> 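To start, I am sharing the structure in question, which I have written as structure tokens.
Order of listing sets the numbers, starting from 1, for every ligand and every atom in it. Throughout, residue positions are numbered sequentially from 1 according to the sequence presented. Since the model is a prediction, treat every value here as computed from it, not as a measurement.
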Amino acid sequence: MNINEETKNVIEKSISEVEEDTGKEMAPPVPNSIHRSSSRPQLDLTGAAIQGNFEERDPTILLPNQSDDISHLALDIGGSLIKLVYFSRHEDRLVNDKRKKSMKERFGVSNGNRRSFPILGGRLHFVKFETAKINECLEFIHSKQLHRGDNDNAVIKATGGGAYKFADLFKEKLGVSIEKEDEMDCLVAGANFLLKAIRHEAFTHKEGHKEFVQIDHNDLYPYLLVNIGSGVSMIKVDGDGKFQRVSGTNVGGGTYWGLGRLLTKCKSFDELLELSQRGDNSSVDMLVGDIYGGLDYSKIGLSASTIASSFGKAISENKEIEDYRPEDISLSLLRMISYNIGQISYLTALQLGIKRIFFGGFFIRGHAYTMDTISFAIQFWSKGGAQAMFLRHEGFLGALGAFMSYEKHGLDDLMVHQLVERFPMGAPYTGGKIHGPPLGDLNEKASICDSIPHLCICVAYEIISWMEKFVRKGTTKITAPVPMASPRTTGLGGFEAPSSKGDTLRSDESNLNVGVLHLVPSLEVFPLLADPKTYEPNTIDLAEPNELQYWFTVLSEHLPDLVDKAVASEGGTDDARRRGDAFARAFSAHLARLMEEPAAYGKLGLANLLELREECLREFNFFDAYSTIKQRENEASLAVLPDLLMELDSMSEETRLLTLIEGVLAANIFDWGSRACVDLYHKGTIIEIYRMSRKKMQRPWRVDNFDAFKERMGFGDHKPPRHKRALLFVDNAGADVVLGMLPLARELLRRGTEVVLVANSLPALNDVTAMELPEIVAEAAKHCDILRGAAEAGGLLMDAMISIADSPREKSSTTPLMVVENGCGSPCIDLRQVSSDLAALARDADLVILEGMGRSLHTNFNARFVCDSLKLAMVKNQRLAEKLIKGNIYDCVCRYEPAS
Ligand SMILES: CC(C)(COP(=O)(O)O)[C@@H](O)C(=O)NCCC(=O)O
Ligand SMILES: [Mn+2]
């Protein structure tokens with residue numbers, strides 16, 4: 001035997017071993033541990049230096065020798081699909097660099113207290129190709145340069161049989177070596193990572209209904225991972241790298257597909273599954289009712305529709321295979337196998353005393369009915385004591401695990417709050433679909449990135465290729481993932497017609513609704529939350545169908561107006577119009593997808609919907625749709641601010657406090673996200689509307705704890721100490737921040753309370769951003785010594801000081817006014833994921849003021865803090881007013897809660 005033959009034998013043996021691994025009989029359990037082999041160095045730390053102020057917390061570290069193209073790529077090459085997981089950090093860097101630059105150019109400011117940009121953030125992408133089209137996969141890797149290592153001997157981690165089969169092809173086409181990783185090691189590593197790092201990764205699926213399960217990270221192990229491939233492996237997982245294959249069955253996905261093919265002549269697994277959607281297994285299966293003359297066998301608790309014997313009818317009748325409908329056969333097979341797997345899994349878990357069972361593997365592939373059937377089996381056999389759980393990224397467990405096997409990928413330590421999942425249209429959001437060759441005319445487009453050319457070629461490719469396709473699609477319908485039909489009920493027995501059958505089976509390309517995972521190491525849990533574990537940002541539960549329908553309608557109706565604003569913000573050019581149109585279609589497709597399956601992208605709350613809209617705008621390169629409006633309103637408000645401050649200064653302290661709170665509530669009317677308010681704006685100037693709104697301010701407000709707040713501010717018998725530091729979560733630009741929140745901030749400063757203005761990192765509707773605030777404060781400071789001194793003390797006026805340095809000062813306050821970005825770009829805020837700068841400033845704060853509907857009503861209305869908190873908002877939506885406060889549109893909320 002020559003070497004090649006020998007190698008071939010080894011390879012073939014390995015492939016069959018891998019295949020058997022998932023299906024072969026139970027070998028005595030052998031504890032495994034993940035082998036971490038090193039391949040290429042991931043970070044070049046040579047010459048690393050701290051940038052800027054050494055005393056900052058978490059200062060930015062410059063890695064001058066680090067290639068920006070660094071990408072981790074790992075593959076799971078299965079028989080039918082190639083799953084690819086890769087990491088990129090190009091685009092974030094580009095955006096951040098741009099922002100940094102523009103901030104410096106525009107304001108020349110940098111706030112000594114904040115580090116605005118993450119160190120090694122990036123994105124984890126999940127992509128999928130058909131194994132038969134491996135060349136497309138190779139092209140994709142090549143076009144994105146994902147195979148480029150730092151040295152000539154680049155190595156890619158891969159698992160699955162194809163890691164052996166296609167190793168030579170990868171070497172030949174990409175010049176890279178495949179380093180094989182054990183499939184089971186990878187499965188477990190992938191599952192462990194997902195269960196710990198993704199908040200709503202696991203879900204139950206019963207009678208067509210998906211429900212996300214919050215897994216307590218400290219109570220994750222042991223669990224049973226049932227991987228249903230061709231065969232079935234049952235793995236007891238006790239920790240990272242600690243697992244045993246405890247059981248298995250040779251009746252698995254291969255059995256369904258193999259027998260199904262023989263019996264139905266189906267050409268593919270998906271076709272077989274699709275057939276089952278239209279099946280009625282009672283013509284094939286022997287039911288209890290068939291034996292008991294249509295009656296239940298109630299004595300032992302079996303309904304007439306219970307399957308007594310799968311395929312049992314085929315023995316008693318004089319029929320041939322042609323006499324059975326392929327649909328019925330497929331369904332009967334699917335049930336037989338799913339129930340069997342469910343039963344063995346449960347018994348295994350019972351024997352080992354394991355509470356949780358997670359199912360994965362290609363047999364499941366997001367198929368609702370399969371999940372329902374397995375769930376039913378677990379519920380049935382455990383008498384409701386146990387439940388089956390599934391994983392959103394289950395198709396990518398192996399690839400993720402292979403990815404995790406790289407040394408120094410840095411993901412081990414990532415925490416749930418550092419990951420944000422997004423669902424871009426242009427990226428391969430369902431995997432395996434949207435990949436075409438790079439555009440020919442890259443050069444002209446690449447000019448947008450001239451400043452950092454080597455960094456930008458890939459970015460340009462990414463932006464342009466899908467965007468062009470999207471825009472070119474013109475009137476063609478944009479294909480959001482094909483939804484399942486709405487579920488029907490199974491009935492008590494659970495053996496009735498499938499509940500999750502639909503007319504259309506989601507194709508494999510679209511059933512994995514996994515987005516791009518953004519890794520933002522600088523995000524943290526807001527430290528002042530009273531109970532982060534039970535904290536739920538969303539107030540309104542969109543699981544209620546009426547609620548969902550309502551908000552979808554609101555967002556759809558707002559779309560044309562939003563597109564107009566977005567297009568205008570980009571100069572109304574043809575290109576902007578085309579992008580605007582594409583954005584509208586993309587966002588509508590998202591809405592349609594979510595309407596069909598609200599849990600498609602994970603647990604859905606109103607905050608997620610509002611954020612999805614902003615993200616979608618950004619994806620189509622609309623960075624700040626309301627920029628002109630914001631500027632106009634800032635100017636108008638700043639013009640009247642001196643008069644307002646004078647008026648306030650003429651009041652007694654007690655009256656002033658009330659007037660200030662009234663002012664905040666009144667000015668919150670300037671909200672371009674509210675349909676009712678936008679209609680109002682046609683009826684008067686900014687100042688007229690502001691005056692009208694202030695005149696209407698009458699206590700008691702619908703929620704009114706003002707007296708308690710006033711007392712805490714020292715106007716009662718008891719004189720509590722002043723607050724040390726207040727965090728003011730500001731909302732809209734214009735009057736809202738200038739005439740509402742700034743005067744309130746000034747009052748707190750005047751009393752010796754430090755103030756941190758907390759604003760969005762990225763634009764969202766007409767919300768003011770952290771980047772815009774210093775300029776606004778500088779303008780305001782021109783007319784107010786308190787603000788000026790405080791802003792100076794907070795390091796806000798580095799640039800602006802030059803222009804106001806000559807004006808006379810009365811007294812200089814050393815109580816600082818600071819600005820910090822909150823880490824998000826949405827009208828709402830999820831306090832589990834805020835910027836580390838905000839978290840750092842929060843640690844010394846003893847008062848939190850949340851302002852606006854998005855931040856204090858849609859989200860955080862029920863949030864409790866370890867310090868005093870004040871939630872201030874005008875309700876600008878009739879339905880929300882009725883639902884939340886049993887009131888009416890334009891009612892106000894002043895909710896004060898002392899530290900809990
Ligand atoms: C998007 C908003 C949360 C912004 O409100 P804000 O936080 O600025 O007070 C709000 O305008 C909203 O809920 N709008 C949609 C409902 C409507 O048009 O009535
Ligand atoms: Mn707002």
Side-chain angles (χ1 to χ4, degrees), residues 537-540 542 547-562 565 587 591 605-617 624-627 629-630 633-634 664-681 689 693 728-741 757-770 772-773 822 824-830 849-861 871-885 887-895:
N538 286 288
T539 310
I540 299 289
L542 287 189
E547 211 55 57
L548 188 67
Q549 180 68 57
Y550 173 77
W551 286 102
F552 274 37
T553 311
V554 165
L555 292 182
S556 301
E557 286 177 358
H558 191 221
L559 206 46
D561 186 49
L562 178 59
K565 299 277 182 317
F587 187 59
L591 287 182
L606 188 50
N608 310 90
L609 268 184
L610 291 169
E611 186 176 20
L612 182 67
R613 180 170 67 178
E614 299 301 332
E615 279 301 318
C616 198
L617 272 171
D624 193 356
Y626 288 82
S627 55
I629 289 173
K630 289 195 291 183
E633 295 191 3
N634 284 342
V664 170
L665 295 171
N668 192 232
I669 201 165
F670 293 97
D671 164 13
W672 285 86
S674 150
R675 175 75 176 270
C677 291
V678 174
D679 289 346
L680 262 186
Y681 306 151
I689 291 168
S693 183
L728 272 57
F729 286 75
V730 296
D731 180 4
N732 303 314
D736 197 358
V737 67
V738 175
L739 305 179
M741 290 300 266
L757 299 176
V758 185
N760 267 17
S761 300
L762 293 173
L765 291 165
N766 60 320
D767 291 355
V768 69
T769 65
E772 293 157 354
L773 268 177
N822 58 15
C824 70
S826 152
C828 298
I829 186 163
D830 179 343
I849 302 184
L850 289 162
E851 189 231 348
M853 251 172 102
R855 290 165 188 77
S856 70
L857 300 183
H858 289 329
T859 49
N860 303 312
F861 188 60
K871 294 161 190 168
L872 297 171
M874 177 188 276
V875 192
K876 291 149 291 190
N877 174 280
Q878 179 63 28
R879 186 185 168 99
L880 189 77
E882 287 169 21
K883 183 144 185 136
L884 202 59
I885 56 169
N888 282 306
I889 188 163
Y890 306 126
D891 278 351
C892 289
V893 171
C894 171
R895 186 174 192 175

> Do R855 and ligand 1 have an N or O pair less than 3.5 Å apart?
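For ligand 1, there is no N or O atom that lies under 3.5 Å from one belonging to R855.
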> I need the nearest protein heavy-atom contact for atom 14 (N) of ligand 1: residue, atom name and distance, please.
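Here the closest protein heavy atom is G673 O, 2.9 Å.
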> Hey, what do you get for CG (L857) to NZ (K883), rounding to the nearest 0.5 Å?
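Going from CG on L857 over to NZ on K883, the span is 14.0 Å.
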> For the side chain of S693 and the backbone of A667, is there at least one donor-acceptor N/O pair under 3.5 Å apart?
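Flag not set: sc S693 to bb A667 has no pair under 3.5 Å.
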> Evaluate the criterion side-chain contact (heavy atoms from CB on, under 4.5 Å) for residue pair L562 and Y626; output intermediate values, then yes/no.
CA-CA 9 Å; L562 178 59; Y626 288 82; 3.6 Å; yes
> Quick one, E851 with V737, criterion side-chain contact (heavy atoms from CB on, under 4.5 Å). Give me CA distance, side-chain angles, the key distance, then yes/no.
CA-CA 10 Å; E851 189 231 348; V737 67; over 6 Å; no
> Report the relative orientation of the aromatic rings in W672 and Y681; use parallel for angles under 30°, tilted for 30 to 60°, perpendicular for over 60°.
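W672 and Y681: tilted rings.
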> Measuring from the heavy atoms of W551, does anything fall under 4.0 Å of ligand 1?
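It does; at least one heavy atom falls under 4.0 Å.
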> Against heavy atoms of G854, which atoms of ligand 1 measure under 4.0 Å?
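What qualifies from ligand 1 is 3 (C), 6 (P), 7 (O).
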> L765 vs H558, test: side-chain contact (heavy atoms from CB on, under 4.5 Å). Steps then yes/no.
CA-CA 12 Å; L765 291 165; H558 191 221; 4.1 Å; yes
> Check L612, T553, L609 against L591 for a side chain to side chain contact (heavy atoms under 4.5 Å, CB included) and give me the one that passes.
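Only one of L612, T553, L609 forms a side chain to side chain contact (heavy atoms under 4.5 Å, CB included) with L591, namely L609.
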> What is the nearest protein non-hydrogen atom to atom 5 (O) of ligand 1, stated with its residue, atom name and distance?
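Among all protein heavy atoms, the one nearest atom 5 (O) of ligand 1 is D671 OD2, 3.0 Å.
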> Short N/O distance, under 3.5 Å, between V554 and ligand 1?
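Not met; the criterion fails.
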> Give the atoms of ligand 1, by number and element, whose distance to some non-hydrogen atom of K876 is under 4.0 Å.
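Ligand 1 atoms under the 4.0 Å threshold to K876: 6 (P), 9 (O), 19 (O).
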> Please check whether P827 reaches ligand 1 - meaning an N/O of the residue sits under 3.5 Å from an N/O of the ligand, judged on distance alone.
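No - when backbone and side-chain N and O of P827 are compared with those of ligand 1, no distance drops under 3.5 Å.
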> Is there a polar contact between ligand 1 and R613, counting only N or O atoms under 3.5 Å apart?
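Such a contact does not occur with ligand 1.
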> For side-chain contact (heavy atoms from CB on, under 4.5 Å), just list the numbers for Y550 and N877, CA-CA rounded to whole Å, side-chain angles, deciding distance to a tenth of an Å, and then say yes or no.
CA-CA 12 Å; Y550 173 77; N877 174 280; 2.8 Å; yes
> For N668, take its heavy atoms, then give the atoms of ligand 1 lying under 4.0 Å from any of them.
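The list of qualifying atoms is 9 (O).
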> Tell me the contacting part of Y550 for ligand 1: side chain, backbone, both, or neither, using a 4.0 Å heavy-atom threshold, strictly below.
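Neither part.
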> Side chain, backbone, both or neither: which applies to H858 and ligand 1 if a contact is any heavy-atom pair less than 4.0 Å apart?
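It is the side chain that gets close, since no backbone atom is under 4.0 Å.
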> Suppose you place the vertex at the Mn ion (ligand 2); what is the angle out to D767 OD1 and D731 OD1, to 10°?
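Vertex at the Mn ion (ligand 2): approximately 90°.
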> What atoms in ligand 1 come closer than 4.0 Å to a heavy atom of G852?
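Numbered from 1, ligand 1 contributes 7 (O), 9 (O).
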> Working to the nearest 0.5 Å, report the span between CG of L548 and CD1 of I540.
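If I round to the nearest 0.5 Å, the distance is 12.0 Å.
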> Using a 4.0 Å cut-off to any heavy atom of R675, which atoms of ligand 1 qualify?
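Near R675, meaning under 4.0 Å from one of its heavy atoms, ligand 1 has 17 (C), 18 (O), 19 (O).
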> Using a cut-off of strictly less than 2.8 Å, determine whether D736 has an N/O/S atom near the Mn ion (ligand 2).
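Looking at D736, which is the residue asked about, there is no N, O or S atom under 2.8 Å from the Mn ion (ligand 2).
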> Looking at ligand 1, does any of its N/O atoms fall within less than 3.5 Å of an N/O of N877?
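Checking ligand 1 against N877, an N or O pair does fall under 3.5 Å apart.
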> Which ligand 1 atoms are under 4.0 Å away from a heavy-atom of N732?
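Checking each atom against N732, I get 8 (O).
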> Could you check which of L555, L765, D731 puts a non-hydrogen atom nearest to atom 8 (O) of ligand 1?
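Selected option, by shortest heavy-atom distance: D731.
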> Below 2.8 Å, any N, O or S contact between N732 and the Mn ion (ligand 2)?
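Of the N, O and S atoms in N732, at least one lies under 2.8 Å from the Mn ion (ligand 2), which means yes.
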> How long is the span from the CG atom in D731 to the CD1 atom in I829, to the nearest 0.5 Å?
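That separation rounds to 11.0 Å.
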> Is D671 close enough to the Mn ion (ligand 2) to have an N, O or S atom under 2.8 Å?
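D671 does not place any N, O or S atom closer than 2.8 Å to the Mn ion (ligand 2).
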> Supply the atom-to-atom distance L872 CG to M853 CE, rounded to the nearest 0.5 angstrom.
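So the CG of L872 and the CE of M853 are separated by 14.5 Å.
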> How far does CG of N766 sit from CZ of F670, to the nearest 0.5 angstrom?
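So the gap between those two atoms works out to 10.0 Å.
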> Would you name the heavy atoms of M874 and N668 that are closest together and state the gap between them?
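That closest heavy-atom pairing would be N-OD1, 3.2 Å.
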> Answer with side chain, backbone, both or neither: which part of N766 has a heavy atom less than 4.0 angstrom from an atom of ligand 1?
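Neither; no heavy atom under 4.0 Å.
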